[in-house]
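Taking it in order: structure first as structure tokens, then the write-up.
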Protein chains: 2
Amino acid sequence: MKPTKYDALKLENQLCFPLYAAAKEVVRRYKPFLDPLGLTYTQYITMMVMWEHKELTVSQIGEYVHLDTGTLTPMLKKMESNGLIFRQRGRKDERETIVSITPEGKALRKQAIEVPAKISSCVNLTLDEALQLKSLLEKIII
Amino acid sequence: MKPTKYDALKLENQLCFPLYAAAKEVVRRYKPFLDPLGLTYTQYITMMVMWEHKELTVSQIGEYVHLDTGTLTPMLKKMESNGLIFRQRGRKDERETIVSITPEGKALRKQAIEVPAKISSCVNLTLDEALQLKSLLEKIII
DNA sequence: TAAAATTTAATTGCATACGACTAAAAATAT
DNA sequence: ATATTTTTAGTCGTATGCAATTAAATTTTA
């Protein structure tokens, strides 16, 4: 094939497209394992943070999961109505909303424990490749 | 730190989260370069395909960009109203919608030619790392 | 050929994403 | 102490994303 000045604009020559496609693909592969837990992928990563920290402000959650309040507020309300967390205004600083994990939220951890192993077995990478990939991705995120 | 059976559920031990975060980050970095062209990232990758093929059915576009009709139909209508493409039912097979590029759509390619170089200069990877990353990502997508 | 199955887009409903804006509270400056 | 600035969530508008359903056209089957 004759190279042209437009080669850089071909989908197959992009780095970012495989990244975009792989991310969506992985979220899709989580779905069958998360559906039984009643979690979406975004709710799942939020629960991971809550399992570790028990109590965080909205913006602290946002820093961990890289999401802003426009995404988090409606999702946290949903998770609250599903009984996983509860939200209350900060006593000391009434600007912030403190998100805390409920007993039901805590209990879900036991079921979620199976998920990571199930996922790694359906992502076709060796442990070595996975570590390599992770380190390359972290260079992008900074 | 003492390891626990829940370590696999920590966000920092995930492979998929950096993938998810990096993909969103890259789309964000495209925005300043795509805004002047009046394109979103999804529209941009669709235009890449249209620049190569001039005429495709909706599902053919979907195969290239990994999106289904639920996403594509509204977006293609938007792109049509923006003058980049036009849509018409197939003459031979009236089930399919043929998407064709307009002269304005073609003309946009000249401006878009600058985008890939601008992006690579703000993704902090060497050429070698980028190729390595791409090959790892393609193993995930299959 | 008529009925059944398949293919193709479109539609609908739900869940993100994010930028821009608003409102309230707290921190800072004058 | 008051005015200004900053911080923090929440809201709104636009754009994805995808599963499930629908509808129309085509192909296959009986």
Side-chain angles (χ1 to χ4, degrees), chain A residues 17 20-32 34-35 37-47 56-63 65-82 84-99, chain B residues 16-17 20-32 34-35 37-47 56-82 84-99:
Chain A
F17 176 69
Y20 162 85
K24 286 193 302 172
E25 177 61 28
V26 165
V27 170
R28 255 195 298 277
R29 291 199 198 160
Y30 266 100
K31 195 168 169 10
L34 294 181
D35 275 351
L37 307 186
L39 292 175
T40 63
Y41 180 73
T42 317
Q43 290 173 7
Y44 173 63
I45 59 176
T46 302
M47 285 309 293
L56 289 170
T57 67
V58 173
S59 57
Q60 284 171 330
I61 295 174
E63 279 167 38
V65 299
H66 296 206
L67 290 170
D68 78 353
T69 61
T71 304
L72 284 176
T73 298
M75 191 194 64
L76 291 171
K77 283 181 180 176
K78 182 79 184 173
M79 291 170 73
E80 184 172 42
S81 79
N82 290 348
L84 298 175
I85 54 152
F86 64 96
R87 303 172 332 122
Q88 71 200 111
R89 283 288 168 179
R91 275 87 46 188
K92 215 181 61 211
D93 184 340
E94 289 195 24
R95 284 172 305 184
E96 53 190 27
T97 293
I98 314 268
V99 178
Chain B
C16 302
F17 177 69
Y20 162 85
K24 287 194 303 172
E25 176 61 29
V26 164
V27 171
R28 255 195 297 278
R29 292 199 197 160
Y30 267 98
K31 195 167 168 12
L34 294 181
D35 276 350
L37 307 186
L39 292 175
T40 63
Y41 180 74
T42 318
Q43 290 173 6
Y44 173 64
I45 59 175
T46 303
M47 284 310 292
L56 288 171
T57 67
V58 173
S59 57
Q60 284 172 329
I61 295 175
E63 279 167 39
Y64 281 115
V65 300
H66 296 203
L67 289 170
D68 80 353
T69 61
T71 305
L72 284 175
T73 298
M75 191 195 64
L76 292 170
K77 283 182 179 174
K78 183 79 185 175
M79 291 170 74
E80 183 172 43
S81 79
N82 291 348
L84 297 176
I85 55 154
F86 63 95
R87 303 173 330 124
Q88 70 200 114
R89 283 289 168 179
R91 275 86 47 188
K92 213 182 59 209
D93 184 339
E94 289 193 24
R95 285 172 305 183
E96 54 191 28
T97 293
I98 314 267
V99 178

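In what follows, chains are A, B, ... by sequence order, proteins preceding strands, each numbered from 1. All values reported here derive from a predicted model rather than from experimental measurement.
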Exercise answer: donor-acceptor pairs, residues 86-95 of chain B side-chain atoms, under 3.5 Å, sequence neighbours excluded:
residue: Arg87(B); atom: NE; partner: Glu80(B); partner atom: OE1; Å: 3.2
residue: Arg89(B); atom: NH1; partner: Glu94(B); partner atom: O; Å: 3.4
residue: Arg89(B); atom: NH1; partner: Arg95(B); partner atom: O; Å: 2.6
residue: Asp93(B); atom: OD1; partner: Arg95(B); partner atom: N; Å: 2.9
residue: Asp93(B); atom: OD1; partner: Arg95(B); partner atom: NE; Å: 3.1
residue: Asp93(B); atom: OD2; partner: Arg95(B); partner atom: NE; Å: 3.4
residue: Asp93(B); atom: OD2; partner: Arg95(B); partner atom: NH2; Å: 2.7

Taking all heavy atoms of Leu76(B) and all of Ile85(B), pick out the closest pair and write down the distance.
O-CD1, 3.4 Å
For Glu25(A), which residues count as a side chain to side chain donor-acceptor pair (under 3.5 Å) partner, sequence neighbours excluded?
Arg28(A), Arg29(A)
Heavy-atom contacts, protein to nucleotides 15-20 of chain D, under 4.0 Å, summarised as B (base), S (sugar-phosphate only) or - (none) per nt, yield SSBBB-
List in chain and number order the residues that pass ring pair (Phe, Tyr, Trp, His ring centres under 6.0 Å) with Tyr44(B), two or more places apart in sequence or in another chain; answer none if no residue qualifies.
Tyr30(B)
To the nearest 0.5 angstrom, please state how far the [atom1] atom of [X] sits from the [atom2] atom of [Y].
| X | Y | atom1 | atom2 | answer |
| --- | --- | --- | --- | --- |
| Leu39(B) | Asn82(B) | CG | CG | 8.5 Å |
| Leu56(B) | Glu96(B) | CG | CD | 11.0 Å |
| Met75(B) | Thr46(B) | CE | OG1 | 3.0 Å |

Using a cutoff of under 3.5 Å, can you pull out all pairs of nitrogen or oxygen atoms linking the protein to nucleotides 24-28 of chain D, with atom names and distances?
residue: dT26(D); atom: OP1; partner: Lys92(B); partner atom: O; Å: 3.4
residue: dT26(D); atom: OP1; partner: Glu94(B); partner atom: N; Å: 3.3

List for me each residue that meets salt bridge (charged side-chain N to carboxylate O under 4.0 Å, His left out) alongside Lys31(B), sequence neighbours excluded, and say none if there are none.
Asp35(B)
Within less than 4.0 Å of OP1 or OP2 of dA9(D), is there a side-chain N or O belonging to Ser59(A)?
yes
Interatomic distance, Leu39(B) CG vs dT14(D) C1' [rounded to whole Å]
16 Å
Given atom CD of Glu96(A) and atom P of dT7(D), what is their separation to the nearest angstrom?
14 Å
According to side chain to side chain contact (heavy atoms under 4.5 Å, CB included), who are the partners of Ala22(A), at least two apart in sequence or on a separate chain?
Leu19(B), Leu137(B), Ile140(B), Ile141(B)
Taking any atom under 4.0 angstrom from a heavy atom of chain A, which nucleotides of DNA chain C are the first and last to qualify, 5' to 3'?
dA15(C) to dA26(C)
Output side-chain donor-acceptor pairs under 3.5 Å for residues 58-68 of chain B, partner residues at least two apart or in another chain, one line each.
residue: Ser59(B); atom: OG; partner: Thr57(B); partner atom: OG1; Å: 3.4
residue: Gln60(B); atom: OE1; partner: Thr57(B); partner atom: N; Å: 2.9
residue: Gln60(B); atom: OE1; partner: Thr57(B); partner atom: OG1; Å: 3.4
residue: Tyr64(B); atom: OH; partner: His53(B); partner atom: NE2; Å: 3.0
residue: Asp68(B); atom: OD1; partner: Gly70(B); partner atom: N; Å: 3.0
residue: Asp68(B); atom: OD1; partner: Thr71(B); partner atom: N; Å: 3.3

